[in-house]
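In what follows, chains are A, B, ... by sequence order, proteins preceding strands, each numbered from 1.
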There are 2 protein chains.
Amino acid sequence: MEEVAKVAGVSLATVSRALRTPEAVSPKLRTRIEEVSRRLGYAPNRIAGSLAGARTPLIGVIVPSLTNSFFAGTLEQMTTLFEAKGYQLMIGQHGYDTDREERIVAAFASWNPSALVVTGRAHTRNTLNTLSSSACPVVEMWDHGERPLDSGIGFSNRAAGKLAARFFAEQGIAKAAFVGAILDKDDRARARAEGFRQEFLHLTRFEPLIVTANNRELGEGGSALKRVLGQQPETSAIAFSGDMLAVGAMFEADRIGLSIPGDLKILGYGDLDIARNTNPRLTTIRPPHNAIGEAVVRHVLERLEAPDTPSVNLDLGVKLILRETV
Amino acid sequence: MEEVAKVAGVSLATVSRALRTPEAVSPKLRTRIEEVSRRLGYAPNRIAGSLAGARTPLIGVIVPSLTNSFFAGTLEQMTTLFEAKGYQLMIGQHGYDTDREERIVAAFASWNPSALVVTGRAHTRNTLNTLSSSACPVVEMWDHGERPLDSGIGFSNRAAGKLAARFFAEQGIAKAAFVGAILDKDDRARARAEGFRQEFLHLTRFEPLIVTANNRELGEGGSALKRVLGQQPETSAIAFSGDMLAVGAMFEADRIGLSIPGDLKILGYGDLDIARNTNPRLTTIRPPHNAIGEAVVRHVLERLEAPDTPSVNLDLGVKLILRETV
DNA sequence: CTGTTAGCGCGTTCAT
DNA sequence: ATGAACGCGCTAACAG
């Protein structure tokens with residue numbers, strides 16, 4: 001910057017202003033400075049800039065997994081929307097491990113980000129402390145419940161589970177099952193399972209079978225189906241914690257000669273692209289995936305532009321997409 | 001930090017040392033300082049630290065898309081491996097837009113990262129300039145070719161296309177097609193398409209049909225199949241630029257009563273989890289996805305630990321996974 | 001509108 | 001082994 005200033009014949013401060021707040025510099029100097037800094041290939045040092053300015057254009061976003069297409073989608077959306085406003089996403093991933101989350105949150109907070117976005121509502125004490133003592137807006141996304149730390153934007157996973165149970169109960173199903181991926185670690189999937197169990201029991205007086213899958217991929221859907229049928233042969237309907245598991249079960253059903261929905265009804269969750277392309281097409285519950293990313297960005301931007309904007313706690317709801325597997 | 005120093009009754013420098021290089025401080029003071037800083041919830045300011053230290057623990061990684069499961073997988077892997085060494089990933093995504101890439105690279109470079117990892121070999125002049133003038137190691141991943149900017153770790157997409165063509169040619173196929181997603185933007189998919197076309201033409205003297213799909217999802221695979229059959233009804237084998245497209249085509253084939261591989265042979269690319277679960281199971285080409293992430297991390301770590309480590313240019317190769325759709 | 005000056009919070013010499 | 005002092009590159013006040 002010193003060199004630019006020297007060549008352009010101005011002071012350091014003017015160079016800084018010309019690049020940071022061009023409207024505060026006379027057009028003549030501005031163009032000259034811009035020209036010189038381009039010619040010299042000058043790139044401002046963000047680190048020094050933020051040290052002096054006490055704020056970075058960084059938004060920390062922490063998700064459990066990057067390969068989970070929901071989070072990948074949210075991140076892709078947020079990246080694009082924030083980029084347009086000059087913010088840059090700092091992405092963290094903890095693999096459903098709250099201790100790892102704690103370390104990542106601490107690391108992110110030390111960068112003085114403009115905002116911090118985390119997934120879900122289950123955090124360690126320390127995470128909570130770090131989050132609440134950081135000066136920036138904090139958003140908990142992808143879940144909904146009472147009293148978020150700061151702002152909450154998502155939907156009730158428990159309600160999603162209940163919706164599935166109610167749907168099955170209305171069809172007069174007595175023997176149902178819920179297959180969930182890593183229910184021990186994924187508290188949102190667990191909330192759906194729990195909502196399903198409670199509501200189904202409440203409405204039908206039958207206790208549904210709950211089965212845990214080891215991951216959210218197709219192969220596990222197939223083997224989970226076998227386990228369900230082994231433990232509860234009369235099962236006539238299964239709800240899954242993800243579309244991929246559901247599709248895996250459909251493939252497996254095909255292999256063992258079960259017809260869908262005749263012999264077995266299948267309900268997915270996610271409404272991924274694949275859901276409207278299988279044969280038969282998959283009935284599924286759609287979370288507000290696009291709405292979440294948009295709402296988070298909009299809210300954070302508002303808070304950043306008008307710091308007195310109040311926190312929010314939004315429930316964006318879920319939707320049953322009726323197709324052909326139920 | 002000042003507060004910690006005061007409470008512990010030492011100087012700022014000693015606090016810094018106790019936290020940064022504990023072995024340089026007497027055990028007594030060290031434990032006292034650690035205790036105090038924990039009690040006070042002191043979190044060092046990374047920004048100030050890097051300004052003084054002239055290097056950040058940040059690794060910039062730029063991919064075209066986060067929802068593409070290959071890149072998501074590589075990122076997830078890299079996140080975990082780098083995290084274990086105290087590095088933090090800074091992730092960027094440009095949606096196959098080289099101008100956006102240029103801006104992201106510039107933004108990342110201004111953070112003084114420890115390393116910069118980009119996807120592919122096609123970049124704008126400015127990107128190339130920024131990259132080569134940044135002091136850190138630079139890795140171009142997911143593709144292979146002559147003379148990378150600094151280090152290259154990937155495989156030859158052209159060779160992958162040729163492999164598919166050779167495989168079809170050996171089966172005596174005359175009417176073949178290649179369906180690729182966004183071939184206008186994704187230069188790696190285009191390299192596969194081009195390799196396929198050249199090799200198939202070379203071996204059979206038949207020009208294959210090349211069709212572009214608008215995205216890499218299942219729905220597009222189905223409609224691409226219809227387009228292929230419309231333009232070249234005698235097509236007996238199709239290679240796809242992605243497994244999801246291939247599976248979409250399989251579903252569509254099922255709907256229109258085409259049997260696979262009897263009436264139509266299908267070859268995927270990616271070897272996603274779904275490939276070994278469809279009925280019939282999908283024959284596909286597997287890129288070295290896990291090997292890429294690992295190799296990038298290993299190489300970057302080596303360069304960081306021993307700065308005189310030479311650059312590399314690795315071709316990790318692809319593999320044909322023979323299953324039941326060909 | 002422009003220049004001068006004072007830090008931002010820490011790592012790192014250099015003395016001691 | 002410890003402390004004092006400097007400076008990393010820039011932005012924000014202030015003065016002119």
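Atom NZ of B/K6 is separated from atom P of D/dG3 by 15 Å (rounded to the nearest Å). Taking atom CG of A/L19 as the reference point, atom P of D/dA12 lies 13 Å away to the nearest angstrom. The distance from atom CG of A/N112 to atom P of C/dC8 is 14 Å, rounded to the nearest whole Å. Between A/E3 atom CD and D/dG9 atom C1' there is a gap of 14 Å when expressed in whole angstrom units. A straight line from CH2 of B/W111 to C1' of D/dC8 spans 15 Å, rounded to a whole angstrom.
Minimum atom distance to the side chain of A/L51 is reached by D/dG9, of the listed C/dT2, D/dG3, D/dG9. Distances were taken from every side-chain heavy atom of A/L29 (C-beta onward) to each of D/dT2, C/dG9, C/dT2; the shortest belongs to C/dT2.
One N or O on the side chain of B/R190 and one on the backbone of B/L183 form a donor-acceptor pair closer than 3.5 Å. B/R121 places no side-chain N or O within 3.5 Å of a backbone atom of B/G152 that could act as its donor or acceptor partner. Judged purely by atom type and a 3.5 angstrom limit, B/R188 has no side-chain atom pairing as donor or acceptor with the backbone of B/S156.
Rounded to 10 degrees, the angle between the two end axes of the helix from C/dC1-D/dG16 to C/dT16-D/dA1 is 30°, with five pairs used at each end.
Ion pairing of B/R303 with B/D150 is present here, as a side-chain N (NZ or NE/NH1/NH2) and a carboxylate O approach within less than 4.0 Å. In this structure, B/E83 pairs ionically with A/R100, as a charged nitrogen and a carboxylate oxygen lie closer than 4.0 Å. By the 4.0 Å N-to-carboxylate-O rule, A/E35 lies close enough to A/R39 to be salt-bridged with it.
Residue B/E302 qualifies as enclosed at atom CD: its count of foreign heavy atoms under 6.0 Å is above 12.
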Produce the list of close N/O pairs, under 3.5 Å, pairing protein atoms with atoms of nucleotides 10-13 of chain C; give distances to one decimal.
{"unit_1": "C/dC10", "atom_1": "OP1", "unit_2": "B/Y42", "atom_2": "OH", "d": "2.6"}
{"unit_1": "C/dC10", "atom_1": "OP1", "unit_2": "B/N45", "atom_2": "N", "d": "3.0"}
{"unit_1": "C/dG11", "atom_1": "OP1", "unit_2": "B/R20", "atom_2": "NE", "d": "2.6"}
{"unit_1": "C/dG11", "atom_1": "OP1", "unit_2": "B/R20", "atom_2": "NH2", "d": "2.8"}
{"unit_1": "C/dG11", "atom_1": "OP2", "unit_2": "B/S16", "atom_2": "OG", "d": "2.5"}

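Taking 4.5 Å as the limit, every side-chain heavy atom of A/I104 sits out of range of all side-chain heavy atoms of A/Q93.
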